Amino acid sequence: VRALPSREVHVWLIPVAAAPTVAAVLDEDEQARAARFHFDPDRTLFTAAHGGVRVVLGLYLDVAPADVRFGSSDLGKPYLVDHPEVSFNLSHSGDLAVVAVAAGREVGVDVERQRPLHRPDGVARRIMTPDELARYEAADSDEKARFLLCVWARKEALVKASGQGVRTSLTTLPCEPGPDGPYTVVDLDVPGYAAALAAFGHDWHPVVTMLDLI
Ligand SMILES: CC(C)(COP(=O)(O)OP(=O)(O)OC[C@H]1O[C@@H](n2cnc3c(N)ncnc32)[C@H](O)[C@@H]1OP(=O)(O)O)[C@@H](O)C(=O)NCCC(=O)NCCS
């Protein structure tokens, strides 16, 4: 069984290429969801993500990946039915899925492939605080695109940690919550992606591993 020290938040990077190796562990419901994707890359990434999360969680829970049982909160945040003390969160984008796992603290993770966003200035106005927007507007165009995706990933990670999803007003949620806030958020260094990890409290650090199946 893999240890999960209370001050560590483990982050697993799962490449889309893991899909064929992990496809067999999906349950019926996940297989049906995968089959509904008409676009093959989306189906393959979904398979890698949901198979990968089972493989990763199986390492900590000492159960076969196919036997990991998920529930989902009223707002849709998945949790472990048999192990509520272990929290996890999943995100996928481009060719990559990312899973965060922690003991005794809520976690949220978001990964976004670096790409030009449609109407970026409108997105910035919808998600940024006034201070963030001022910094965005003062930046040159390369820095603008990088900063926008970074803010996006951080806020997604924060709202996914709290489980609140779309209910949160993003224009009043700073992407750098101070020491008084309940959560800490850090950027993850993943080439080609903006990625962020949020977790409850301030007494933790991330430990990043690539899931090596292939
Ligand atoms: C649910 C939500 C958090 C998912 O985010 P996403 O970027 O579309 O997708 P991600 O790949 O990062 O995450 C999806 C996974 O998050 C998990 N998830 C679903 N609902 C969740 C919730 N309420 N809280 C935390 N995690 C959730 C699931 O594992 C899901 O995987 P699945 O869709 O394959 O089953 C998102 O739709 C949402 O509510 N966003 C609100 C904030 C917003 O408007 N952001 C705009 C830019 S900051």
Side-chain angles (χ1 to χ4, degrees), residues 11-14 16 18-19 22-23 26-27 29-37 39 41-54 56-57 68-81 86-102 105-115 117-129 132-133 136 145 147-177 183 185 187-188 190 193-200:
V11 176
W12 291 81
L13 307 181
I14 304 167
V16 68
V22 300
L26 298 189
D27 69 13
D29 184 54
E30 290 159 346
Q31 286 175 26
R33 282 185 71 195
R36 286 202 287 273
F37 287 102
F39 188 49
D42 291 341
R43 185 168 57 242
T44 310
L45 183 61
F46 179 93
T47 301
H50 286 265
V53 80
R54 285 180 170 278
V56 164
L57 292 170
V68 175
R69 296 199 306 147
F70 298 105
S72 147
S73 75
D74 293 349
L75 294 171
K77 184 170 183 179
Y79 64 88
L80 289 163
V81 173
V86 176
S87 351
F88 78 98
N89 196 234
L90 167 68
S91 181
H92 36 73
S93 178
D95 289 331
L96 190 69
V98 180
V99 178
V101 192
R105 65 175 89 238
E106 283 301 330
V107 290
V109 69
D110 190 57
V111 62
E112 301 290 338
R113 186 171 51 83
Q114 296 279 4
R115 62 192 190 272
L117 295 181
H118 181 60
R119 297 184 194 270
D121 294 351
V123 175
R125 283 193 294 273
R126 276 204 310 282
I127 71 166
M128 288 184 178
T129 64
E132 289 160 357
L133 199 55
Y136 173 81
F147 182 58
L148 177 57
L149 221 49
C150 170
V151 170
W152 176 306
R154 283 170 159 244
K155 294 196 180 198
E156 279 278 2
L158 284 163
V159 298
K160 292 179 76 183
S162 72
Q164 291 297 306
V166 283
R167 290 198 176 183
T168 313
S169 157
L170 297 170
T171 52
T172 56
L173 174 78
C175 74
E176 283 176 20
Y183 296 96
V185 61
D187 299 322
L188 299 170
V190 185
Y193 293 82
L197 169 69
F200 190 82

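Small disclaimer: the values here were computed from a predicted structure and weren't measured. Order of listing sets the numbers, starting from 1, for every ligand and every atom in it.
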*Any Lys/Arg nitrogen of Arg154 or Glu112 sitting under 4.0 Å from an Asp/Glu carboxylate oxygen of the other?*
no
_Do Leu90 and His50 have side chains that approach each other closer than 4.5 Å (heavy atoms only, starting at C-beta)?_
yes
*asked:* Give me the residue, atom name and distance of the protein heavy atom closest to atom 20 (N) of ligand 1.
replied: Gly76 O, 3.1 Å
*Are any of the heavy atoms in Gly108 under 4.0 Å away from ligand 1?*
no
*In terms of atom number and element, which parts of ligand 1 are under 4.0 angstrom from non-hydrogen atoms of Leu170?*
43 (C), 44 (O), 45 (N), 46 (C), 48 (S)
*Of the backbone atoms (N, CA, C, O) and the side-chain heavy atoms from C-beta on, which set of Arg33 has a member under 4.0 Å from an atom of ligand 1: side chain, backbone, both, or neither?*
side chain
*What is the closest protein heavy atom to atom 12 (O) of ligand 1, and at what distance does it sit?*
Ser91 OG, 2.7 Å
*ligand 1-proximal atoms of Asn89, by part, heavy-atom distance under 4.0 Å*: side chain
*Looking at atom 9 (O) of ligand 1, is any protein heavy atom nearer than 4.0 Å to it?*
no
*Would you mind running through ligand 1 and noting each atom that sits below 4.0 Å from a heavy atom of Asp110?*
7 (O), 12 (O)
*Side-chain contact, heavy-atom cut-off 4.5 Å: Lys155 with Pro174?*
no
*Parallel, tilted or perpendicular: which describes the rings of Phe200 and Tyr183, with under 30° parallel and over 60° perpendicular?*
perpendicular
*asked:* Nearest non-hydrogen contact with atom 24 (N) of ligand 1 belongs to which option: Glu112, Lys77, Arg126?
replied: Lys77
*asked:* Measuring from non-hydrogen atoms of Pro78 to any atom of ligand 1, is the shortest distance under 4.0 Å?
replied: yes
*Quick one: does Val99's side chain get under 4.5 Å of Val109's, heavy atoms only?*
no
*What is the nearest protein non-hydrogen atom to atom 23 (N) of ligand 1, stated with its residue, atom name and distance?*
Leu75 O, 2.9 Å
*atom 38 (C) of ligand 1 [closest protein heavy-atom partner, distance rounded to 0.1 Å]*: Val166 CG1, 3.9 Å
_Would you say CD of Glu176 has more than 12 non-hydrogen atoms from neighbouring residues, nucleotides or ligands within 6.0 angstrom?_
no
*Scan Leu173, Leu170, Asp110 and name whichever one has a side chain to side chain contact (heavy atoms under 4.5 Å, CB included) with Leu158.*
Leu173
*Side-chain touch Trp12/Val53, heavy atoms, less than 4.5 angstrom*: no
*Close side-chain approach of Val123 and Leu148, heavy atoms under 4.5 Å*: yes
*Numbered atoms of ligand 1 (with element) below 4.0 Å of His50, judged on heavy atoms*: 32 (P), 34 (O), 35 (O)
